There are 2 protein chains.
Amino acid sequence: MTALDDRDVRQEVTTGPIMGSEKVYHEVPDPESGAALRVPHRRVGLSNGTHFDLYDTSGPYTDSTADIDVHRGLAPARAEWIGAREPIGGAVTQLAYAKAGVVTPEMRYIAAREGMDPEFVRSEVAIGRAVIPANRCHPESEPMIIGKRFLVKINANIGNSAVTSSVAEEVEKMVWATRWGADTVMDLSTGKRIHETRERILRNSPVPIGTVPIYQALEKVDGDPAKLSWEIYRDTVIEQAEQGVDYMTVHAGVLLRYVPLTARRVTGIVSRGGSIMAAWCLAHHKESFLYTHYEELCEIFRAYDITFSLGDGLRPGSIADANDEAQFAELRTLGELTHIARAHDVQVMIEGPGHVPMHKIAENVRLEEELCGEAPFYTLGPLATDIAPGYDHITSAIGAAQIGWHGTAMLCYVTPKEHLGLPNRDDVKTGVITYKLAAHAADLAKGHPRAQEWDDALSQARFEFRWQDQFHLSLDPETAQAFHDETLPAEPAKTAHFCSMCGPKFCSMRISQDVRDYAEKNGLSTVEAIEKGMADKSAEFAEQGKRVYLPLAD
Amino acid sequence: MTALDDRDVRQEVTTGPIMGSEKVYHEVPDPESGAALRVPHRRVGLSNGTHFDLYDTSGPYTDSTADIDVHRGLAPARAEWIGAREPIGGAVTQLAYAKAGVVTPEMRYIAAREGMDPEFVRSEVAIGRAVIPANRCHPESEPMIIGKRFLVKINANIGNSAVTSSVAEEVEKMVWATRWGADTVMDLSTGKRIHETRERILRNSPVPIGTVPIYQALEKVDGDPAKLSWEIYRDTVIEQAEQGVDYMTVHAGVLLRYVPLTARRVTGIVSRGGSIMAAWCLAHHKESFLYTHYEELCEIFRAYDITFSLGDGLRPGSIADANDEAQFAELRTLGELTHIARAHDVQVMIEGPGHVPMHKIAENVRLEEELCGEAPFYTLGPLATDIAPGYDHITSAIGAAQIGWHGTAMLCYVTPKEHLGLPNRDDVKTGVITYKLAAHAADLAKGHPRAQEWDDALSQARFEFRWQDQFHLSLDPETAQAFHDETLPAEPAKTAHFCSMCGPKFCSMRISQDVRDYAEKNGLSTVEAIEKGMADKSAEFAEQGKRVYLPLAD
């Protein structure tokens, strides 16, 4: 680990709980170790005396009792589990253990996080339908799972560019993204200090970190793809593996013969990694070294338990290019590579597009599952239209929610700056929140057993005019409250039985409460009974002075 | 018309073309009148010498040659057509003419706007699958159509509340919303000066205006729903009809017996109009006067050619309440009412939800089409989840794009402030742009013949690094350019063959251009031919100094 420059890593990260929440840990007994696993949740205390616990990706940074020091890094909570495990058939991967019927502490932790049975977690990993990205050299991470039977996850990309941003800024971006719900973070840094940046991110990250090693390899050959070689690439992978990178994007499906298939596309090749490998193939007129050395790569990944994220280097970059021959030819190759990796006990997920109109989305999932043995699908959006640069977090959330519903396990976020510039702090937050809501919409549509409870809790608070509860239960409490206060800033408005949209005279929810109160008061439990009581209700309503709406709060 | 206070209607509306565009008119011969119809488009001039014409809702305000005076109002362009027409069977509605086989100038204008055959427009109106909201007393409007076989339309709501906003502000909101693409505008004003506000909006609006007359009727009885009567409501409708309101929301499907069905909902009744009528029914224990006097209402609508927007007073207000008995009971009644209106030659559309998880969206369209004889569906979102107040333009765009794909003809926008406060100018723009992109995503998925041309034009500009063209072709050119300039502000960056996301060394699009150039230079026209040429390419690539990426612009 390189010596760090103090100016770059001052304690500038965001800490403290999210508004209206506190960090709690559910204690889960681990029969292997005898100790208890401490599974974090974001607890929202409600004004009616109850509370609601939410899945929490933010790590110790939102724990007001935690002692944060970005120089030291987070505590290596998984180190003991990793140290205590014996290899199985030489492998130390979650997949190897799962296949052998072993429920690891990671699986038990995940089961508690997701509200599932530990044995179910194991079986999904064993058949490759879910992955647990958890490099042995990243013991600071809190175990999480990516798979269609679990909550849909989201990834946030960060990374300095040639010009801007310091190491400290990138660490803060990671903390910031996970604060709002990023389940994994990809460090796409290029340029100087790439190694130190990654080191600081990993030592401080409670979520799995992904990278695209070809970017750093290209830096080592001064940006000339033709000068790349298997050896340079391999050494880069090992360097990153030692640091603890949990999953790596590998564009091993960009084959020489597929490159011409992109010739008549509207937007050609839009993946950076894809274009680098295409350039190499063209320059040498040889098959990609990622493909020809793939089994060697599997051996490295196996030694650390790094998860493959097989990159879609030929993904469509525009609506016109969606679901074309180049895209699906590469997908077939990714399917072959999936089975090879699994034979090495290495976990695999598959990256997907990109830009796809709605009617072509389902086909992407169907084919991916068929060709890649249901390996978790990990898509970038997709954008459902190309006409709204500046709003591509939304054009892509439309596609992301749908592809998540159809079975995509993780959604890579898109910020409003996509196609235009580099995201700043606000863009990162907007991208994360947008993708959290898209992922949750997918969880609802898939019928995830615990998803709707959250919507119901918030809607109930809305109906009962518990404004603070409504803010605190939302994905972004600060924004919800700020928007409310813009129109009705006074404190009494937070308990008022109306809001600024309809005003006190037009509040629609009051009438429903009247109907309900009447039913309860009379012990009526069926719709028919309520109906019979309607005549009484009419009289009572008149007696009450016809006060369907509450008077204005003083 | 009430005398207007000059202080309120100063010429404060936004005028001038959208960045990079100019207003053009396509001249379309009208065989009836002999004159030419002038159909407006937003023309985007491109740097390669071509141009791209877009559907344009913004009226004369974006015509730099137009003389705008909000005191005088817009020119009554339809007045001559309206004056020249003879009633058919006593009716003056577009539906009556369509049934009689008459292609009106409105239909011809619409056909040119949509790129369809005039006879097709007529036939869709005749069977009630499309409506042309065009009150005879609103001759300033530019004809447009709402129907599943046409471009998906969007509506923006405006309206002052009891507390805030002046008449001039509301006129500007209408101009602002149509500038960015609102196809219709609903004036939901309550409170003082409701008549003058509406008058000013109508006289200046190039798009159809919708209202919910029950709001004004309630003002007349001091906000007490029990004091409402058919006579008060009828007089309000006539007052608004005379002013030129093009479509009116009527909650005639909220029947007394349906109210108890809402008792056990999480969020009861969330429609303002629905709750007002429910309160009236409960107070009197009688059937809704909107239902019992519905045929009289049809006669009024027929005299002006007002289009019914049959309101969904019992729409779900939360994920938990979606597709429940109350909602679908009302929908069945709206179906009955649709057929009654059509028998009176009155046009009808049907309002829909609201809050619906993705897997329950398609069922809404299917049932609506079945029960309401394919009358155009007009939905509010729906929101696909409830957990993101402050981002409900996005949660609802996810649902809106999908329901539009399934056949919804018009989408009512939702702004970021929904559920929290009143939208300001920026919120209105955000809501409109968000819904335009959702509607366009639906047009793409439906396979609208002209939809993809727009995406292709923009993507082509992106691929060719025509930055200005990319900005100008986007839904919101100003935001696209501002986001770009935030990272790379210098003027040369606008022509640079790379962008700030990947930097000059990582540009993925360049390689595609290399492949393509090679193919063209060698006259290769098939993928196989390109493949044969790959070996040459490899050599040439090396000769060129392996310059896959362009050097930095000086």
Side-chain angles (χ1 to χ4, degrees), chain A residues 162 223 226 260 263 266-270 272 275 278-279 283 285 318-320 357-359 384-390 398 401 405 417 420-422 437 440-441 444-445 454-456 458-459 463 474-475 479-480 483-484 487 500 503 505-506 508 511-512 515-516 519 530-531 538 541 546 548, chain B residues 162 223 226 260 263 266-270 272 275 278-279 282-283 285 318-320 357-359 384-386 388-390 398 401 405 417 420-422 437 440-441 444-445 454-456 458-459 463 474-475 479-480 483-484 487 500 503 505-506 508 511-512 515-516 519 530-531 538 541 546 548:
Chain A
V266 168
T267 45
I269 299 174
V270 296
R272 284 196 234 177
S275 71
H285 200 65
S318 57
I319 291 297
M358 286 188 286
H359 63 298
T385 171
D386 296 330
I387 64 167
I398 289 170
W405 170 23
K417 294 273 168 61
L420 297 169
L422 293 171
L437 70 86
H440 185 77
L444 280 176
W454 189 357
D455 298 77
D456 293 352
L458 193 144
S459 295
F463 185 71
S474 65
L475 276 175
T479 297
F483 280 7
H484 175 271
T487 319
S500 56
K505 281 202 300 190
F506 279 87
S508 61
I511 181 73
S512 310
V515 172
R516 181 170 314 186
I530 296 170
E531 209 169 311
S538 171
F541 196 79
K546 297 172 188 159
V548 179
Chain B
V266 168
T267 46
I269 299 174
V270 295
R272 283 197 234 177
S275 71
L282 286 187
H285 201 64
S318 56
I319 292 297
M358 287 188 286
H359 63 299
T385 171
D386 295 330
I398 289 170
W405 170 24
K417 294 273 170 62
L420 296 170
L422 293 171
L437 70 85
H440 184 77
L444 280 177
W454 188 356
D455 298 78
D456 292 353
L458 194 144
S459 295
F463 185 71
S474 66
L475 276 176
T479 297
F483 281 7
H484 175 270
T487 318
S500 56
K505 280 200 301 190
F506 280 88
S508 61
I511 180 72
S512 311
V515 172
R516 181 170 314 185
I530 296 171
E531 208 168 314
S538 171
F541 195 77
K546 298 173 186 158
V548 179

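Since the model is a prediction, treat every value here as computed from it, not as a measurement. Sequence lines set the chain letters: A, B, ... in the order given, protein chains first and strands last, and positions in each chain run from 1.
- Note: B:A480 leads B:A388, B:A480, B:G390 in heavy-atom pairs under 4.5 Å with chain A.
- For the atom pair B:L458 CG and A:I319 CD1, the distance stands at 11.0 Å (nearest 0.5 Å).
- Looking only at heavy-atom pairs under 4.5 Å with chain B, the residue among A:D456, A:T479, A:L444 that has the most is A:L444.
- B:S318 is linked by a side chain to side chain donor-acceptor pair (under 3.5 Å) to B:T267, B:D321, counting only residues two or more places apart in sequence or in another chain.
- Note: A:I387 leads A:T385, A:I387, A:I398 in heavy-atom pairs under 4.5 Å with chain B.
- Closest heavy-atom contact between A:M358 and B:A445: CB-CB, 3.8 Å.
- Side-chain atoms of A:D455 come within 3.5 Å of backbone N or O of B:D386 as a donor-acceptor pair.
- Annotation for A:H359 and B:W405: closest pair CA-CZ2, 3.5 Å, computed over non-hydrogen atoms.
- Across every non-hydrogen atom of A:L420 and B:F483, the tightest pair is CD1-CB, 3.8 Å.
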